[in-house]
Structures are given as C-alpha cells and as structure tokens.
Amino acid sequence: QAQLVESGGGLVQSGASLRLSCAASGRTFSDYGMGWFRQAPGKEREFVAGISRSGGSTVYADSVKGRFTISRDNAKNTMYLQMNGLKPEDTAVYYCARSRSIGVVRTTTSYVYWGQGTQVTVSS
C-alpha cells in the first residue's frame, strides 16, 4: 500500500511562487501516473495537473496552464508542483494522488491513493 505525504504549502502574496512536494513510500512509485488535485472551501475537489509514470506526458487544468509545472523524480519517489504567479483563486488544500494507470488521467475516481493535503493560501 502506498503512502503519500505532501509538503511545501503556506501563506503567500499574490504573484508569489511555491513548490509543493509529494513523497511516496513503496516500490511502485515509478509504475503509475500521478496527479495533483485541489479543493477550496465549499467546492468539489478538482484536477490540477497529472504526469505519466515516466514523466514524459503531462496535462494541466486550463486554470493553471502556463503557471504551474508538474514533475517527478522516480529515483527519489517524489513528485513536485512548481506554482508561479499565484492568484487568490489558487487558495485551496492541495492533494497528491497515485492513479491506477501508467498514463495521465484527470478524474478523481481514477486515483487509488491520496495524501492528507497541504494548505496553500494566496492573499491579494
């Protein structure tokens, strides 16, 4: 069973940058696609970015395209989300997750394991 632990969240001003990390336990990290999701108060959890098992394919939500970059280091069992140009509407709890497949998927039901989340708050 995989365990995922996010870190790197915090309180920043609009326009700032943050880098989230997701450390995974277990030997199967590199066998599956991974993703980042977020959930703001009163809203449903939404897809932010996904990456294939090799890191060769990535997909982004339109709302973050051009500002966020997802990456992974399979040797370190770690995935990252570099967030630049943060906006107040990016405020949410950010979750990393491991999917059931090797490619990139957007739907929450395609993900098997989830982290506990890390809070990102962007002030205006």
Side-chain angles (χ1 to χ4, degrees):
Q1 184 172 352
Q3 289 187 322
L4 306 173
V5 179
E6 303 94 338
S7 62
L11 171 62
V12 296
Q13 291 189 330
S14 183
S17 298
L18 280 175
R19 188 194 197 201
L20 304 184
S21 298
C22 172
S25 64
R27 295 175 293 177
T28 61
F29 177 78
S30 60
D31 291 343
Y32 297 95
M34 299 286 293
W36 286 99
F37 290 76
R38 67 186 181 187
Q39 188 166 19
K43 295 187 177 182
E44 292 189 355
R45 191 169 298 188
E46 64 173 358
F47 173 81
V48 174
I51 188 166
S52 62
R53 70 172 181 175
S54 68
S57 296
T58 58
V59 174
Y60 297 91
D62 289 343
S63 58
V64 307
K65 200 172 294 182
R67 299 188 297 124
F68 291 10
T69 302
I70 188 172
S71 62
R72 66 190 295 165
D73 185 337
N74 287 341
K76 295 183 179 179
N77 275 16
T78 303
M79 178 178 66
Y80 305 97
L81 185 67
Q82 177 66 44
M83 306 187 293
N84 299 328
L86 284 162
K87 305 174 181 180
E89 51 263 43
D90 294 318
T91 295
V93 177
Y94 283 70
Y95 299 89
C96 68
R98 200 208 81 181
S99 80
R100 305 174 188 271
S101 71
I102 62 174
V104 184
V105 289
R106 292 176 175 263
T107 57
T108 56
T109 54
S110 298
Y111 287 80
V112 182
Y113 298 107
W114 295 82
Q116 293 300 306
T118 185
Q119 177 71 47
V120 172
T121 303
V122 184
S123 63
S124 58

If you look only at pairs with a residue in residues 73-89, which of them pass as a salt bridge (charged side-chain N to carboxylate O under 4.0 Å, His left out), with sequence neighbours excluded?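 Of all non-adjacent pairs touching residues 73-89, none passes salt bridge (charged side-chain N to carboxylate O under 4.0 Å, His left out).
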
Which residues satisfy the side chain to side chain donor-acceptor pair (under 3.5 Å) test with Arg72, sequence neighbours excluded?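 Arg72: side chain to side chain donor-acceptor pair (under 3.5 Å) contacts with Asn74.
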
Only counting residues at least two apart or in another chain, list the ones meeting side chain to side chain donor-acceptor pair (under 3.5 Å) with Gln116.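 Result, side chain to side chain donor-acceptor pair (under 3.5 Å) vs Gln116: none returned.
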
Pairs in or reaching into residues 40-97: which pass ring pair (Phe, Tyr, Trp, His ring centres under 6.0 Å), with residues at least two apart or in two chains?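 Sorted result for residues 40-97: Phe37-Phe47.
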
Which is it for Met83 and Leu20 under the side-chain contact (heavy atoms from CB on, under 4.5 Å) test, yes or no, and what are the steps along the way? CA-CA 8 Å; Met83 306 187 293; Leu20 304 184; 3.7 Å; yes

What pair of heavy atoms forms the shortest contact from Ala24 to Leu4, and how long is it?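 That would be CB-CD2, 3.5 Å.
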
Grab the two heavy atoms, one from Tyr111 and one from Ala97, that are nearest each other, plus how far apart they are.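 Here Tyr111 and Ala97 meet closest at CD2-CB, 3.4 Å.
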
Disulfide bond (SG atoms under 2.5 Å apart) pairs, two or more places apart, involving [range]:
range: residues 22-97; answer: Cys22-Cys96
range: residues 31-72; answer: none
range: residues 34-92; answer: none

Keeping to residues at least two apart or across chains, list the side chain to side chain donor-acceptor pair (under 3.5 Å) pairs with something in residues 99-108.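 Side chain to side chain donor-acceptor pair (under 3.5 Å) check on residues 99-108 returns Thr107-Ser110.
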
Does any pair with a residue in residues 13-25 pass side chain to side chain donor-acceptor pair (under 3.5 Å), and if so which ones, sequence neighbours excluded?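 Pairs touching residues 13-25 that pass the test: Ser17-Asn84.
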
For the CE atom of Met34 and the OH atom of Tyr113, what is their distance to the nearest 0.5 Å?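 Reported to 0.5 Å precision, the distance equals 12.0 Å.
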
Does Arg98 make a cation-pi contact with Tyr32 (under 6.0 Å, within 45 degrees of the axis)?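 Cation-pi check for Arg98 and Tyr32: passes.
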
Taking distance alone, no hydrogens or angles, what donor-acceptor pairs closer than 3.5 Å link side-chain atoms of residues 117-124 to residues at least two apart or in another chain?
{"unit_1": "Thr118", "atom_1": "OG1", "unit_2": "Gly9", "atom_2": "N", "d": "3.2"}
{"unit_1": "Gln119", "atom_1": "NE2", "unit_2": "Ala92", "atom_2": "O", "d": "3.4"}
{"unit_1": "Gln119", "atom_1": "NE2", "unit_2": "Thr121", "atom_2": "OG1", "d": "3.3"}
{"unit_1": "Ser123", "atom_1": "OG", "unit_2": "Val12", "atom_2": "O", "d": "3.4"}

Any residue meeting salt bridge (charged side-chain N to carboxylate O under 4.0 Å, His left out) with Glu46, in chain and number order, not counting sequence neighbours: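 So Glu46 forms a salt bridge (charged side-chain N to carboxylate O under 4.0 Å, His left out) with Arg38.
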
Qualifying residues under salt bridge (charged side-chain N to carboxylate O under 4.0 Å, His left out), relative to Lys43, sequence neighbours excluded: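 Per chain and number, Lys43 pairs via salt bridge (charged side-chain N to carboxylate O under 4.0 Å, His left out) with no residue.
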
